[in-house]
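Shown next, in structure tokens, is the structure this report addresses.
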Amino acid sequence: EDEEIVAEIMGRRFFPDLIAYKTWEGFHFAGHEIRITEATDCYGAVVWPSALVLCYFLETNSKQFNLVDKNVIEIGAGTGLVSIVASLLGAFVTATDLPDLLGNLQHNVLQNTKQKCKHQPCVKELSWGIDLEKNFPRSSCHFDYIMAADVVYYHPFLDELLLTFDHLCKNDTVILWAMKFRLENENRFVDRFQTLFDLEMISNFPSLNIALYKAMRKGRMKT
């Protein structure tokens with residue numbers, strides 16, 4: 001079953017027939033053809049398999065996780081694929097990442113959502129752990145969903161990442177997080193994450209070494 005679903009997920013990706021002056025990949029999600037421009041010299045501007053897993057889940061579980069008119073923020077949006085799919089599914093989306101990635105992120109989001117979405121998504125800078133209250137004040141920012149794909153890997157900002165999850169997450173916020181396990185660092189982060197949040201694995205793909213989690217604040221997860 002794992003291999004069949006993984007084949008279906010990866011089958012949503014397609015490549016250009018001709019070599020273009022810009023590197024791009026294509027994807028089929030939410031009834032649309034999505035073209036993503038990548039930057040192969042930048043880690044955050046490439047579509048990783050975890051993003052495809054999360055997009056596939058959003059599309060195939062749209063009744064259980066209905067995004068229509070929901071307020072969604074994606075942290076570490078990278079190329080913007082997850083944000084684009086969430087927008088096409090009816091959400092009001094804020095796609096966030098580091099300043100150096102915003103140009104490409106904005107290009108992809110605009111190219112794939114303009115006049116196609118109920119709510120036009122916005123792109124905003126978010127450096128984990130920095131100026132969170134200034135840029136995302138708790139009093140006025142409420143997100144129904146926080147989405148993240150492949151934000152946990154070998155980097156020195158895991159403390160800041162956990163702080164960002166904590167700041168953005170209200171009592172009724174649902175976190176949907178796709179993660180590829182690589183090194184022991186990832187397991188340690190999951191343990192620390194669980195000191196603040198209840199965590200439930202909702203999909204698992206051993207052939208990709210990727211798990212998809214749902215999380216909420218401690219004591220808020222519905223049975």
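Looking at Q120 and T113, their side chains do bring a donor and an acceptor atom within 3.5 Å of each other. Looking at N108 and T79, their side chains never bring a donor and an acceptor atom within 3.5 Å of each other.
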Apply the test side-chain contact (heavy atoms from CB on, under 4.5 Å) to residues F197 and C169: give CA-CA distance (whole Å), side-chain angles for both, the deciding distance (0.1 Å), then the verdict.
-> CA-CA 10 Å; F197 303 99; C169 189; 3.7 Å; yes
Stepwise side-chain contact (heavy atoms from CB on, under 4.5 Å) check, I130 with N135 = CA-CA 9 Å; I130 298 176; N135 297 322; over 6 Å; no
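By the 6.0 Å contact criterion, CZ on F157 is open, its count of non-hydrogen atoms from other residues, nucleotides or ligands being 12 or less. The environment of E4 atom CD is sparse: at most 12 non-hydrogen atoms of other residues, nucleotides or ligands sit within 6.0 angstrom. Annotation for E133: atom CD counts as buried by contact number, over 12 foreign heavy atoms lying within 6.0 Å.
For E8, the salt bridge (Lys or Arg N to Asp or Glu O under 4.0 Å) criterion is met by R12, not counting sequence neighbours.
Rounded to the nearest 0.5 angstrom, M179 CE and N209 CG are separated by 9.0 Å. The structure places CZ of R138 at 6.5 Å from NZ of K170, a figure rounded to the nearest 0.5 Å. One distance of note links OG1 of T164 with CD1 of I146; it measures 9.5 Å at 0.5 Å rounding. Separation of atoms CD1 (I5) and CE (M10) is listed at 12.0 Å; rounding is to 0.5 Å. Interatomic distance, CZ of F29 versus CG of N112, reported as 12.5 Å (0.5 Å rounding).
For the side chain to side chain donor-acceptor pair (under 3.5 Å) criterion with R217, the lone passing option out of T173, D172, D166, D198 is D166. Shown are T60, V82, I34; of these, the side-chain contact (heavy atoms from CB on, under 4.5 Å) with C55 is made only by V82.
You'll find the side chain of I84 stays beyond 4.5 Å of the side chain of H32, heavy atoms only. At least one side-chain heavy atom of W177 sits less than 4.5 Å from a side-chain heavy atom of V190.
Using a 4.5 Å cut-off between side-chain heavy atoms of Ile, Leu, Val, Met, Phe, Trp and Tyr, with links allowed through other members, V152 and L163 fall into the same hydrophobic cluster.
Cation-pi geometry between K214 and F65 is not met at under 6.0 angstrom from the ring centre and within 45 degrees of the axis.
A tilted orientation is assigned to the rings of F189 and F193, their planes being inclined by 30° to 60°.
Across L101 and D97, no two heavy atoms sit closer than the pair CD1-OD1, 3.2 Å.
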